[in-house]
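Here the structure comes first, spelled out in structure tokens, and everything after it is commentary.
So you know, we letter chains A, B, ... as the sequences are listed, proteins then strands, and number each from 1.
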There are 2 protein chains.
Amino acid sequence: MLGERNRKVLFAVIQCYMNAPGPVGSRVVTKKFSFGLSPATIRNIMSDLEEMGYLRQPHTSAGRIPTDSGYRLYVDTLITGKDYVNDELLLELYKRLETLNKDINYFHDRASKVLSSLSNYIGIIMSPKTGMTTLNKIELLKYRKNQVAVILFTDEAMIRNKVVSIDPEISQKDLNRISGYINSEFAGFTVEEIRRIVLNEMSEERNICDSLISEALKICRNVFSSAEGDIYVSGLSEMLDLPDFCDIDRIRLLLKTIEDKHLIVELLDKISASDGTQVFIGSENPIDEMKNFSMVISTYNEGSKPVGAIGLIGPRRMNYLKAISIVDMTANYISNILLDR
Amino acid sequence: MLGERNRKVLFAVIQCYMNAPGPVGSRVVTKKFSFGLSPATIRNIMSDLEEMGYLRQPHTSAGRIPTDSGYRLYVDTLITGKDYVNDELLLELYKRLETLNKDINYFHDRASKVLSSLSNYIGIIMSPKTGMTTLNKIELLKYRKNQVAVILFTDEAMIRNKVVSIDPEISQKDLNRISGYINSEFAGFTVEEIRRIVLNEMSEERNICDSLISEALKICRNVFSSAEGDIYVSGLSEMLDLPDFCDIDRIRLLLKTIEDKHLIVELLDKISASDGTQVFIGSENPIDEMKNFSMVISTYNEGSKPVGAIGLIGPRRMNYLKAISIVDMTANYISNILLDR
DNA sequence: GTTTAGCACTCTCCATGTTTGAGTGCTAAT
DNA sequence: ATTAGCACTCAAACATGGAGAGTGCTAAAC
């Protein structure tokens with residue numbers, strides 16, 4: 001069991017390490033925090049903390065660095081404590097979030113910038129995976145010869161469009177009938193559900209008597225093919241200013257992972273199922289390539305259904321309090337925007 | 001005046017430097033190329049080339065490195081020579097470009113990936129600046145209370161949508177009349193032109209007698225506000241594998257510039273006016289932050305009008321022949337796709 | 001006159017010592 | 001239980017010294 005004093009020392013080490021990378025020694029701790037204890041005593045305590053697995057020494061005769069379990073303890077305390085970060089940050093955050101409201105069209109872009117610029121970490125935001133969104137209405141507009149523009153209105157306050165090529169030309173009038181059919185059959189279902197239904201219908205091959213319906217199904221199959229959620233990333237360059245990134249290979253690995261996208265999309269997607277803000281510290285990170293980083297992730301909702309995810313990626317020694325506050329509040333804010341519309 | 005032999009030596013140095021960074025010495029040149037000359041003679045020639053400003057020495061007793069003017073000479077020769085790169089590359093390029101055709105919706109994303117993965121440099125592609133595109137048709141669809149989805153069909157085979165809030169609710173029927181009005185008035189104009197016209201009309205304040213038209217103008221002003229062209233970047237991580245990027249500050253600077261976007265958008269935008277493939281070598285680069293890199297840029301057209309730009313960003317010692325070939329062909333390919341549709 | 005061999009010289013790079021300073025662990029005193 | 005003192009350790013910074021690659025120059029060869 002961890003005594004109150006030991007815990008305070010652990011958190012002190014974490015504080016120091018947050019401000020500057022590199023092992024933190026006993027003297028520094030006594031100077032920055034007034035425990036009323038001498039360095040020697042602190043040393044003993046730190047030695048104990050190391051035995052318990054909360055701290056580690058990169059090498060003999062160096063200071064200590066918090067381990068992932070040390071951070072875990074810290075973060076758990078933070079979360080149950082509910083101490084939010086200072087008011088200035090919150091004010092600044094609100095000021096920036098307000099601009100989100102102005103033009104919902106670019107809100108992904110904006111939101112990721114807000115996340116990153118305020119935290120100096122990498123901000124990511126995942127638009128709803130198309131499969132998860134609910135179809136509100138569909139419109140088919142003839143575009144050019146053999147091409148139809150499909151406008152997808154979703155419940156999630158988003159519009160997607162896609163151009164579909166069709167083989168025999170169809171008149172706008174017929175297109176209207178088709179969209180009418182799709183709307184009456186499928187409105188209210190999620191895209192993923194529609195996809196499954198359509199595939200079933202088609203395999204049973206019985207509806208082909210009505211050529212319009214068969215055409216409608218063809219279009220559906222094309223439009224409702226599962227598409228990956230898109231992610232928006234920003235703040236890479238700010239992040240490189242942190243002293244942690246003196247190592248070039250780390251940058252490389254990080255960039256590759258982020259550019260690859262699908263690993264992150266997968267993760268965020270999994271997260272979307274659950275609720276609330278989650279923190280992955282170093283080795284806890286489900287993505288192998290990210291085991292040198294920490295992530296703070298949350299979901300944003302439409303009503304009560306989570307439809308997208310936002311998050312921050314930072315160094316393991318990131319300012320968790322700040323990061324959690326930012327992510328948490330931004331997620332809530334976005335949820336509110338979506339609700340009010 | 002530069003003799004034939006000297007020129008050959010210069011190009012030889014460029015070749016060597018392309019394959020591996022670091023000064024190239026006289027011995028290496030004689031070994032890799034059979035000039036039938038001894039290192040000593042090559043040294044003399046290189047010394048002459050240095051005097052002429054085509055080569056430079058990082059320090060005494062090191063080999064030579066091509067200067068920007070050296071590269072300029074080389075590239076100019078390439079371009080007038082029209083020797084394209086080998087057939088394998090072209091085949092590979094065509095194979096990848098084919099997939100562009102399949103789904104025009106994601107073609108930006110795809111095209112930038114093709115550019116970067118084939119060259120190992122950074123691929124960029126700029127979608128047409130909205131202002132430059134020509135309005136083909138507009139559709140207004142009622143979305144929610146007080147919200148209208150505006151679907152913009154452009155001549156450039158692209159569809160854009162935007163959600164606009166309007167104050168007094170308008171029925172779909174009226175929306176149809178409005179879109180009919182806009183279509184009849186403005187189809188065929190570029191977005192920028194429309195914007196200017198609308199601003200004029202509004203300032204004259206005389207049309208407000210017809211409230212529908214005034215409403216139409218309001219929507220126009222909102223929709224046709226000039227929006228920046230979007231750029232898609234890919235290949236950052238591959239680029240980092242090049243030995244040139246041992247220096248962390250270069251990476252930082254490059255990333256910042258790219259993430260900033262607007263400098264690049266501006267440049268590409270200026271380029272769009274002119275035609276053909278352009279090469280910026282090192283210090284020739286109009287963007288200060290990029291004076292350590294080279295760019296190969298071209299435009300793609302809809303018919304004869306340039307509507308977007310693509311390009312490659314690489315180290316100064318990039319393989320210009322390959323880069324120019326890739327950019328050139330990709331631009332042509334895209335132009336053809338847009339034409340055939 | 002052009003080309004080349006030979007040689008002295010220069011400069012980077014790498015590996016190897018050396019020093020310095022921060023920090024610990026232990027022991028003995030408080 | 002805490003602390004002062006001291007010996008010990010290790011990384012990072014700095015210095016030293018070839019080794020190697022490459023040049024420039026000169027004098028000889030073609």
task: Tell me which residues in residues 54-66 of chain B put a heavy atom below 4.0 Å from DNA chain C, sorted by number, or none.
output: B:His59, B:Thr60, B:Ser61
Could you tell me how far apart [X] ([atom1]) and [N] ([atom2]) are, to the nearest whole angstrom?
{"X": "B:Asn6", "N": "C:dT3", "atom1": "CG", "atom2": "C1'", "answer": "14 Å"}
{"X": "A:Met46", "N": "C:dG23", "atom1": "CE", "atom2": "P", "answer": "9 Å"}
{"X": "A:Phe35", "N": "D:dT3", "atom1": "CZ", "atom2": "C1'", "answer": "17 Å"}
{"X": "A:Ile42", "N": "D:dA1", "atom1": "CD1", "atom2": "C1'", "answer": "14 Å"}

query: Starting at the 5' end of DNA chain C and moving along, which residue's nearest nucleotide shows up first, B:Ala40 or A:Asn44?
result: B:Ala40
message: Taking ring pair (Phe, Tyr, Trp, His ring centres under 6.0 Å) as the cut-off, I'd like each qualifying pair that reaches into residues 43-77 of chain B, sequence neighbours left out, listed once.
response: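 Matches after skipping sequence neighbours: B:Phe11-B:Tyr74, B:Tyr71-B:Tyr320.
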Quick one: which of [options] gets closest to the side chain of [X]?
{"X": "B:Ser38", "options": "D:dG24, D:dT2, C:dA5", "result": "C:dA5"}
{"X": "B:Arg43", "options": "C:dT3, C:dT24, D:dC25", "result": "D:dC25"}
{"X": "B:Val28", "options": "D:dG22, C:dA5, D:dG5", "result": "D:dG22"}

field: Nearest-0.5 Å distance, CG of residue A:Asp260 to CD of residue A:Glu266
entry: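 The distance works out to 10.0 Å.
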message: If I take atom CD from residue B:Glu92 and atom CG from residue B:Leu118, how far apart are they, to the nearest 0.5 angstrom?
response: 6.0 Å
message: Please confirm whether the shortest side-chain N or O distance from A:Ser26 to OP1 or OP2 of C:dT24 is below 4.0 Å.
response: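 Yes.
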message: Measuring to OP1 and OP2 of D:dA4, would you say a side-chain N or O of A:Arg27 lies under 4.0 angstrom away?
response: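 For D:dA4, OP1/OP2 do not have a side-chain N/O of A:Arg27 under 4.0 Å.
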message: Please find the pair of heavy atoms, one from B:Leu255 and one from B:Leu236, that lie closest to each other, and give the distance.
response: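 Reported closest heavy-atom pair: CD2-CD1, 3.8 Å.
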- prompt: Distance only, no hydrogens: is a donor on one side chain within 3.5 Å (strictly under) of an acceptor on the other, for A:Arg96 and A:Ser117?
  reply: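 Per modelled atom types, A:Arg96 and A:Ser117 side chains form a pair under 3.5 Å.
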message: Please classify the nucleic acid contact of A:Gly36 as base, sugar-phosphate, or nothing, using heavy-atom distances under 4.0 Å.
response: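 Sugar-phosphate: the residue A:Gly36, judged by heavy atoms under 4.0 Å, touches backbone atoms but no base.
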Main-chain N/O of B:Gly314 paired with B:Ser294 side-chain donor or acceptor, under 3.5 Å: no
Salt-bridge present (B:Arg64, B:Glu50; N to O < 4.0 Å): yes
